[in-house]
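Shown next, in structure tokens, is the structure this report addresses.
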There are 2 protein chains.
Amino acid sequence: MAKRTRALHRKTAKIADVAELAGVSVATVSRTLARPEVVTEETRTRVLAAVRDTGYTPNISARNLRVRKTMVVLVAVPDIANPFFAEVLQGIDDTLSTAGYGLIIANLAGSPEKEARYVDLVCAGQADGVLLLCGHVMRSPDRDLREARVPLVAACEYIPRESFPQVTIDNVGTAREAVQHLIELGHTSIAYLSGPKSNILEQQRLEGYRQALREAAIAADAGLILPGDFTFRTGVEAGRALLALEPLARPTALFAANDEMAIGLIKTVHAAGLQIPDDLSVVGFDGIAYADYCEPTLTTIVQPRRDLGATAAAELIALMTTDKLGLRKDITLPARLMLRDSTRPPPKSRGHSRSRTRSG
Amino acid sequence: MAKRTRALHRKTAKIADVAELAGVSVATVSRTLARPEVVTEETRTRVLAAVRDTGYTPNISARNLRVRKTMVVLVAVPDIANPFFAEVLQGIDDTLSTAGYGLIIANLAGSPEKEARYVDLVCAGQADGVLLLCGHVMRSPDRDLREARVPLVAACEYIPRESFPQVTIDNVGTAREAVQHLIELGHTSIAYLSGPKSNILEQQRLEGYRQALREAAIAADAGLILPGDFTFRTGVEAGRALLALEPLARPTALFAANDEMAIGLIKTVHAAGLQIPDDLSVVGFDGIAYADYCEPTLTTIVQPRRDLGATAAAELIALMTTDKLGLRKDITLPARLMLRDSTRPPPKSRGHSRSRTRSG
DNA sequence: CAAACTGGTGTAATCGATTACATTTATATC
DNA sequence: GATATAAATGTAATCGATTACACCAGTTTG
């Protein structure tokens, strides 16, 4: 038992050991490390030598307890395996870790228990701030993240009616732009492959799709809205649904609410003999790395993924250090339509190519 | 200043507040929360009511300081944006978070400064254990992770000559199997698309490739070993290198050290008119999700990614809780060859199909 | 030469929980 | 009814750092 305790609680030098070795008080050691300029040249060298000799590293729990900080931020991610979020995370990690913050990644994975655990963590003061990449404020059965009164910033998915800063792109506008591109190519029968109805991003992208059609005076056809949930699998299903249609009833173009579904759909209809983009033009959304790897490469809205993360992180740091908890400042980052190989004018026999001049 | 301090250090109930409200001592409150069965039914309800009324949550820094634990483990990942590691991470997250551990993800991204920062973090006792997904033990200029005397487990990439547990697959054996598959289809001119030479996984997979050739008495041709570094980009470059060869000098099959490069290569040679698998069979390694999304779907070695993570995490938990620091236990998980659409016998005009009977 | 500073250092309180040990109260035993 | 035993609770030390305040020596200033 004694033996076990000794091994588990391996001994590390503490500040008192350093003080003793250097022949100074603990206060002086602490000061030397925090603000070297306030101590004498001579004590400084003595203390630093003692630090090296003892291999001292401050105990962070003790420091946190004393200064009431953790230097950790929690990032809530709907799903780490999603390549889009993985890249946003890189941006977050870049800024946060150079600013000296640690990162706890809360992989929600649609599990309310996990969500609750993380809310408790934050409420317990385990984090100095929270970055929300999910479309709602986190809750546990009896707590709400906002009760933690911890700095909060949301990114990627806009959360309506909240008072904390949010960093997003203009989803409605860019979705509209994507569909306008198809319209300019001459398409008039344009399908939409949607995300889960309850998702805010989905609602905004759908709205953009509708606006573009309305502006071009193209009648909206509810039959052209295919259900999906942002996963590759539902892209495949939507592809099958498309194939099941009468060839002449098929749309000549499709706008997908994200890239993964677009790629799933392309793969499916291509395997059945449809040529992309000859028989069907496809535009995606997100700009994940694979959109440029697939065959054909995908025309898509590329979001500034790293930048979204980096900006949100910077905003959070500002919030944590300046204590302007109430100040709301939404930031909209630019996203652009990237023209690649999956779009072209509709086949001559169909559609009414209006602006052939443009060739991107 | 006073105002600012008040807001930053927002007040949360502490154990003394709960004790006062419930009319008991702090020890009783602590016990009620830790081991409810040791207090009276009556005090328990009084205390729990007080906890709810005050909204009390224990301060974790204080607890950690006292019990010398952090309930956090650090996971060192070469690159979070790599889909392979993202899936391993999911497995890790699953087991670790249900066991009540938090997760700090150290995204090394090839940066020695980051690596050093994280080593210091661990040495400072900020983590109870470390999971290494990279192929080397982490170091800072003056420290080495092993000095932290913290439980350590490695996964995915085997680190030779170390005494901590490692969870991997049989890279040599499965690589050999992948190449044997090509040989059984009748290929005799088989290229290898390599990873970075210094990488252990690369060395093992190359060894498997060599073994398979040797067993089949196929002479190794150094010109058939193409350089790569595990990225999509080098797959594209290797594809160009292949296209630059005299058509008759081209290999009829290729084994890539990972899927991303295989996909890059396929895309490139396909765009130049080569048919996959008719003109070139390709086998990958890893089994990332996109290996099943690309066109054609990729025959590959699928690693049990989630399971690798989960197993390593479980091993680490065992280490952290039982204190058997010395006990080395390597675990090899099964990986299997997944036959898909990117392989078939070589064109009749070339190669010498030896075993046409097998058709997978 | 005394008073007023100033720069460097030490003493001790503090952060908020856990827990060994002491103490009280209730129950069983002879 | 006295004593041993068990059960429940309280008191206070402890974890390891930070920092307000006290103190002292040396320098300036009038």
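Since the structure is predicted, the reported quantities are computational estimates derived from the model, not experimental observations. So you know, we letter chains A, B, ... as the sequences are listed, proteins then strands, and number each from 1.
Contact annotation: side chain of Arg63(A) to base of dT18(D), donor-acceptor pair absent below 3.5 Å. Contact annotation: side chain of Arg31(A) to base of dG10(C), donor-acceptor pair present below 3.5 Å.
Picking from dC15(D), dA17(C), dT18(D) the nucleotide with the shortest atom distance to the side chain of Leu65(B) gives dC15(D). Of the listed nucleotides (dC15(D), dA17(D), dT9(C)), dC15(D) has the atom at the smallest distance from the side chain of Arg68(B). The listed nucleotides are dG10(D), dT19(D), dA17(C); the one nearest the side chain of Arg66(A) is dT19(D). Side chain of Ser25(A), nearest nucleotide from dT11(C), dT18(D), dG16(C): dT11(C). Listed nucleotides: dG16(C), dA17(D), dG10(D). Nearest to the side chain of Ala27(B): dG10(D). With dA20(C), dA17(C), dG16(D) as the candidates, the nucleotide lying closest to the side chain of Ala62(A) is dG16(D). Nearest to the side chain of Val26(A), among dT19(C), dC15(D), dT18(D), sits dT18(D).
Classification of Lys69(A) and Asp128(A) as a salt-bridged pair fails, no side-chain N sitting under 4.0 Å from a carboxylate O. Taking 4.0 Å as the cut-off between side-chain N and carboxylate O, Lys329(B) and Glu315(B) count as a salt-bridged pair. Taking the charged nitrogens against the carboxylate oxygens, Arg44(B) and Glu37(B) have no contact shorter than 4.0 Å, which rules out a salt bridge. Salt-bridge check for Asp94(A) with Lys114(B): passed, with a basic side-chain N closer than 4.0 Å to an acidic carboxylate O. A salt bridge is absent between Glu113(B) and Arg117(B); no separation between the charged side-chain nitrogens and carboxylate oxygens falls under 4.0 Å.
Residue Ser30(A) places at least one side-chain N or O closer than 4.0 Å to OP1 or OP2 of dT18(D). A sub-4.0 Å separation between OP1 or OP2 of dT9(D) and a side-chain N or O of Thr43(B) is present. Neither OP1 nor OP2 of dA7(D) sits under 4.0 Å from any side-chain N or O of Thr40(B). Residue Thr28(B) places at least one side-chain N or O under 4.0 Å from the OP1 or OP2 atom of dG10(D). Within the 4.0 Å cut-off from OP1 or OP2 of dG16(D), not a single side-chain nitrogen or oxygen of Tyr56(A) is found.
One atom, CD of Glu42(B), and another, P of dA8(D), lie 12 Å apart when rounded to the nearest Å. In this structure, NZ of Lys14(B) is placed 15 Å from C1' of dT18(C), rounded to the nearest angstrom.
Listed for the Asp17(B) side chain is a donor-acceptor partner under 3.5 Å among the backbone atoms of Lys14(B). The main-chain N or O of Val24(B) is never found under 3.5 Å from a side-chain atom of Thr28(B) such that the two would form a donor-acceptor pair.
If one axis is set at each end of the helix from dC1(C)-dG30(D) to dC30(C)-dG1(D) from five pairs, those axes are 50° apart, to 10°.
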